[in-house]
Amino acid sequence: MSFPLLTATAALPAIGAVATAAVPAARRTAAKWLALIFSLATLVLAGIALARFEPGGDRYQLTESHAWIKDFGVRYELGVDGIGVALMALTALLIPFVILAGWHDADPLETKSSRWRPTQGFFALILMVEAMVILSFEATDVFLFYILFEAMLIPMYFLIGGFGDRAHAGSDENAAAQRSYAAVKFLLYNLVGGLIMLAAVIGLYVVAGTFSLSEIAEARASGSLSMATSTERWLFLGFFFAFAVKAPLWPLHTWLPNAMGEATSPVAVLITAVVDKVGTFAMLRFCLQLFPEASKWATPVIVVLALISIVYGALLAVGQRDIKRLIAYASISHFGFIILGIFAMTSQGQSGATLYMVNHGISTAALMLVAGFLITRRGSRLIADYGGVQKVAPVLAGTFLIGGLATLSLPGLAPFVSEFLVLVGTFSAYPAAGIVATTGIVLAALYVLVLYQRTMTGPVKAEVQGMADLKVRELVVVFPLIALLLFLGVYPKPLTEIVNPAVQHTMSDVQKKDPQPEVEAAK
């Protein structure tokens, strides 16, 4: 029996979460180091899985399959395609940086609203989220995926509601109330989506008689499974609604700015760079693969919703006064690009969308974590409270600028490649949608450059005088992310070689081919 690499990659952070939580209360530093060690060990296993993955091999590799709940046909089935293994590696890569960036975020406070800030619990919850997200990228049993999809809400709820941002205007009671509101809103939105998905999961089992993704695909290919058009559409809508909430897609997005604004900056990275990717990943793995005809039927409406997300999110980002909420609305715009690429139903669009998931995770992590370091120093999230930072903390300002330029997809940085592919793939199938989507690029340049101008340039404000530059721990967090943005910006081939075969399988599922360019015959 071969070593269960995928199970080990997900189990290791779960074991680390239990071990970290069990550390005595007085040993906070030991708990931090233990969590970091487990996250680094998980990264090693994810790297081994990535190295063992063969882009030209079977669709799902490193597979595991065991009986679980026999009476209901539920199996513990795991396997990764190029998209799943790339996102699994992204998750394992970001968690050590999240832990390092939040090194002091859960230290005890002497305030009424923070009577408990158990450091061990904070880092244990982060590791538990990592375990569930990694396993969700590996699950090929629909019911197993559903359980993980819902279970990850519990640790996220406590991370948002119990460990909020300390740079909050107003009283401690007001901060606690807003934090609680953001956590409950996050939970309710995602629970409603999950309950609708549960009904669709049950309906799928009634129709197919199994939860196994591979068995359903084989039954479809052999013709032994056929769904009525109306049934397939209703099931698709049940799955898609839950994924659109998680993604988040307009108009189901309103929980994200609250959650990211009230959470600590590392937890905000966990939300948008890690957890939200489960939604867009699931659109590719489940919506398109299980319901190909319904996916094509819904494409025009989803493309319109994605365009609204792109423009709406960018416009609201332009008008924000809060740094973290600005980044949150920018992420809504970026997720619009990802969903647009998925449902453009072209190989360029879907390859770009997959690359966008990875590149957005890296760029948003870089920008949000540097913003968190900035906010911690000043004690305010308001843009108006800054000015002239580049004169007193040039390294902080420089890394903030690179993160911002990556967010606006500057050529030479990783997000440019993915955004370009999404636009090319969209334009070849829906020229009007491609044109509208380009407005998101213009607006991104506006909100990023205005943010930098107002916070980093101009006269040095009195409150900014003496602001410390990035420390060694913070440099260790930021520089690897910037190096990755530069490397993947000029050489994206390692990623494209992994994801392109998986994209071709998805295109085959929906029986779509890339539009051929119209070339006038030579006279």
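Side chains are part of it too, since the values below use all heavy atoms of this structure and drop only hydrogens, waters and symmetry mates.
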Under 3.5 Å, is there a donor-acceptor pair between the side chain of S309 and the main chain of I332? no
Under 3.5 Å, side chain of R325 to main-chain N/O of L316, donor-acceptor pair present? no
Using side-chain heavy atoms (C-beta onward) and a distance below 4.5 Å, is T20 in contact with I126? no
If you count heavy atoms of other groups shown closer than 6.0 angstrom to CZ of F97, is the number above 12? yes
Reported CG-to-CZ distance for the pair L484 and F479, which is rounded to 0.5 angstrom: 14.0 Å
Measure from the ring center of H360 to the ring center of F337 and say whether it is less than 6.0 Å. no
Side chains of L127 and F123 in contact at under 4.5 Å (non-hydrogen atoms): no
From CD1 (I338) to OG1 (T280), nearest 0.5 Å: 5.0 Å
Looking at R473, I'd like to know if its CZ atom is crowded, meaning that more than 12 non-hydrogen atoms belonging to other residues, nucleotides or ligands lie closer than 6.0 Å. yes
Quick note, salt bridge (Lys or Arg N to Asp or Glu O under 4.0 Å) partners involving residues 273-285, not counting sequence neighbours, are D81-R285
Side-chain heavy atoms of L93 within contact of L43, under 4.5 Å: yes
To the nearest 0.5 Å, tell me how far L100 CG sits from I95 CD1. 11.5 Å
Should we say atom OH of Y452 is surrounded by more than 12 heavy atoms from elsewhere, each under 6.0 Å from it? yes
Yes or no on side chain to side chain contact (heavy atoms under 4.5 Å, CB included) for W250 and I339, after CA distance, side-chain angles and deciding distance? CA-CA 11 Å; W250 184 92; I339 296 170; over 6 Å; no
Going by heavy atoms in the side chains, are I271 and W255 under 4.5 Å from each other? yes
Nearest-0.5 Å distance that lies between atom CD1 in I147 and atom CE in M132: 10.5 Å
When you compare the side chain of P415 with that of L485, does any pair of heavy atoms fall below 4.5 Å? yes
Intermediate values then yes/no, side chain to side chain contact (heavy atoms under 4.5 Å, CB included), L486 and L413: CA-CA 5 Å; L486 291 169; L413 297 173; 3.5 Å; yes
Is there side-chain contact between L488 and V417, with at least one heavy-atom pair below 4.5 Å? no
4.5 Å side-chain heavy-atom contact, L36 and S39: yes
Apply side chain to side chain contact (heavy atoms under 4.5 Å, CB included) to the pair V201 and F239, showing each step before the final yes or no. CA-CA 8 Å; V201 168; F239 277 80; 3.7 Å; yes
Quick one: do L396 and M456 satisfy side chain to side chain contact (heavy atoms under 4.5 Å, CB included)? Show the steps, please. CA-CA 9 Å; L396 189 155; M456 302 296 169; 4.0 Å; yes
Please collect all side chain to side chain donor-acceptor pair (under 3.5 Å) contacts where either partner lies in residues 399-409, sequence neighbours excluded, each pair once. S409-E419
Quick check for you: to the nearest 0.5 Å, what is the distance between L94 atom CG and T364 atom OG1? 9.5 Å
What heavy-atom pair brings A242 and G193 nearest, and what distance separates the two atoms? CB-O, 3.1 Å
Return the minimal non-hydrogen interatomic distance between A429 and A344, and the atom names on each side. CB-O, 3.7 Å
Quick check: closest heavy atoms across T426 and T346, and the distance to 0.1 Å? N-OG1, 4.5 Å
Atom pair CG (L355) and CG (L421), whose distance is rounded to the nearest 0.5 Å: 6.5 Å
Smallest heavy-atom separation, L443 atom then V318 atom, equals O-CG2, 4.0 Å
Does atom CZ of R378 have more than 12 heavy-atom neighbours from other groups under 6.0 Å away? yes
Residue pair F416 / L410, side-chain heavy-atom distance below 4.5 Å: no
Go through the side-chain N and O atoms of Y447 and Q320 and say whether any donor and acceptor fall under 3.5 Å apart. no
Decide whether S331 and T272 meet the rule of one side-chain donor and one side-chain acceptor closer than 3.5 Å. yes
What one should report as the nearest heavy-atom pair of A328 and P257 is CB-CA, 3.8 Å
Of all heavy-atom pairs between M128 and P155, which one has the smallest distance, and what is that distance? CG-CG, 4.4 Å
Taking only residues two or more places apart in sequence, or in another chain, which ones meet Y386 in a ring-ring contact (aromatic ring centres under 6.0 Å, His included)? none
Without swapping roles, check the side chain of K32 against the backbone of T119 for a donor-acceptor pair under 3.5 Å. no
Using the rule salt bridge (charged side-chain N to carboxylate O under 4.0 Å, His left out), only one of R381, R179, K185 pairs with E262; which is it? R381
How are the rings of Y329 and Y312 set to each other: parallel, tilted or perpendicular (split at 30° and 60°)? perpendicular
Is the ring pair F149/F145 parallel, tilted or perpendicular, if the boundaries are 30 and 60 degrees? tilted
